[in-house]
Amino acid sequence: MPRFLSIALVFALWEALPRAGILPAETFPPFSTVVATTSQLFLTGEMWPHLFSSMYRWAVAFVISLAFGIPAGIAMARLSAVRNFLDPILTATYPVPKAALIPIIMLWLGAGDLSKILVIILGTSIPLVISAFHGAQGVEKKLVWSALAMGTDRRLALFKVILPAALPDILSGVRMALSVSLIALLGSEMIARQSGLGYLLFSSLDVKAYDLSYATMLVIAIMGFAFDWGFVALMGRSLVWMEREEGSDG
Amino acid sequence: MGIKAEGVSKLYETAGKRRQVLAVDGIDLEVDEGEFVALVGPSGCGKSTFLYMVGGFISPSSGRILVDGRAVTAPGTDRGIVFQEFALFPWKTVLDNVMYGLQEKGLRRKEAEATARRYLEMTNLQAFERVYPKELSGGMKQRVAIARTLAYDPKVLLMDEPFGALDAQTRVIMQDELLRVWQGTQKTVLFVTHSVEEAIHLADRVVIFTARPGRIKEIVPVDLPRPRSREVELFDRRYAELTSRIWRAVEEEVKKSMELRAATGVAP
Ligand SMILES: Nc1ncnc2c1ncn2[C@@H]1O[C@H](COP(=O)(O)OP(=O)(O)OP(=O)(O)O)[C@@H](O)[C@H]1O
Ligand SMILES: [Mg+2]
């Protein structure tokens, strides 16, 4: 099946159903209307400040999450003290919707970017920590032994063996973190509303400006798609060695 | 560099000491510098375990191992190992795998490449130097592992069924290459194998392990002149006698280990 057929089908239905009167066009404007609204938002410049403030929060939070989450996960796998400390916290906080923490965090850090960034970090770090933990935990002992036998320093083996061997898991964690971070971003902007895509989305819903809501959702969907595409494109060459063997699936 | 094991035992303890496996028990063995010693014995009798202790990857529960007169406490570049499972670095190409030990030694890339290529040629893998391990067959991976270990020239070779994944013809070629390297460099070799013929063709002495817990059942010296030709081996009386003697001893232990497995329901 051609790769984008499913999406084309969704767009086609999105266009046809409201036009045919099967869905109410007022709360479900046809695709072409939404596209028109979206381009209007960009042309008038209304979208840009929201897009920029969202991207700013996201980028800061994502970089911090990477810098914290991956080392923390690897440390968990290598040091039982770290594991015993972090494991209960992770298990307990995993199911908590991070955006729900916003009102509490706002009490401490105010309603500005800081609270939002912290919430995104909380959400994004977890898949990173967990994937880095599993990746590092699963490294075949004999790979480390081989390196030690060939003269690698025990501490450097962390970078020369554990990290590259855990990379496939870490990168699938990064990929998951990309979408989780978007969700946390929107959630944080929904609850502490000043600017950003989440603000745009939820305030337009409040005033029943549905075409604006759909336009924002379209932008968010495109962002999600672009993140994933960018990730794959960026990683593509460096990942040759870890692609699945041909003929095996699952 | 000689190897000396004094009363070496290994007790594996798993899951909060609830399951204990005595893998090897009271091994006393002395291997001279430059000697080639083969280890044979039933599956699960502790051959790999013994090798790992000589390598310094795990420590004995009791007893000690001396290499070149010094007690082994950690892995070192004096002892190179070829693992049963190959343990190639999947993120490195064949060439980079073989270069790893050389670069750790401090060689520059150009020199390391040249040496690595020599060993890839020896193992007939020169056409695959840019390939990642996942694209290789089991036998090819095994040859990369052998090349990687030989390339950085450790004084002691610990080889855990290094030819186990090779087809019969490649195996014969690799055996002779190994003998050539060994004779040219005076390395001390500990060589685990399931093949009695291989043990006799290669080794100065064959150490037969008992069923688990692995003890030394018998040490059989192979007093056949070198170079040993396979044609002669086929018809040589002494060769035939040695083979059947070692076969019988191993078979006895294999039967014991199967009874042990049946009785305890535990995998070897
Ligand atoms: N890490 C471990 N923890 C617990 N038990 C272990 C461990 N490694 C090996 N054993 C057990 O120790 C025994 C000896 O294992 P070992 O791998 O040394 O045998 P082997 O002689 O190399 O066998 P094979 O010929 O099948 O490779 C086996 O019963 C095995 O189950
Ligand atoms: Mg073994």
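Sequence lines set the chain letters: A, B, ... in the order given, protein chains first and strands last, and positions in each chain run from 1.
For the set B:Lys105, B:Arg79, B:Arg148, B:Lys92, the count of heavy-atom pairs under 4.5 angstrom toward chain A peaks at B:Arg148. Interface remark: of the candidates B:Gly80, B:Pro90, B:Pro133, B:Pro154, B:Pro90 forms the most heavy-atom pairs closer than 4.5 Å to chain A.
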(message) Please evaluate residues A:Lys142 and B:Gln84 with respect to the criterion side chain to side chain contact (heavy atoms under 4.5 Å, CB included), reporting the C-alpha separation (whole Å), side-chain torsions for both, the decisive distance (0.1 Å), and the verdict.
(response) CA-CA 10 Å; A:Lys142 275 154 204 164; B:Gln84 211 171 344; over 6 Å; no

One pair to check against side chain to side chain contact (heavy atoms under 4.5 Å, CB included): A:Leu143 and B:Trp91. What are the steps and the verdict?
CA-CA 11 Å; A:Leu143 291 182; B:Trp91 61 92; 4.2 Å; yes

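Using a 4.5 Å cut-off between heavy atoms, A:Val144 does not touch chain B at all. For chain A, the nearby part of B:Leu88 is the backbone; its heavy atoms alone come within less than 4.5 Å.
Contacts of residues 48-71 of chain A with chain B at a heavy-atom distance below 4.5 Å are absent; not one residue qualifies.
Distance check, rounded to the nearest 0.5 Å: NZ of A:Lys141 to CZ of B:Phe83 gives 9.5 Å. Taking NZ from A:Lys160 and CD from B:Glu104, the interatomic distance works out to 3.5 Å, rounded to the nearest 0.5 Å. Here the OG1-CE distance, from B:Thr149 to A:Met150, works out to 6.5 Å after rounding to the nearest 0.5 Å.
In B:Phe89, the CZ atom is crowded: over 12 heavy atoms of neighbouring residues, nucleotides or ligands sit closer than 6.0 Å. Within 6.0 Å of CZ on A:Phe159 lie no more than 12 heavy atoms contributed by other residues, nucleotides or ligands.
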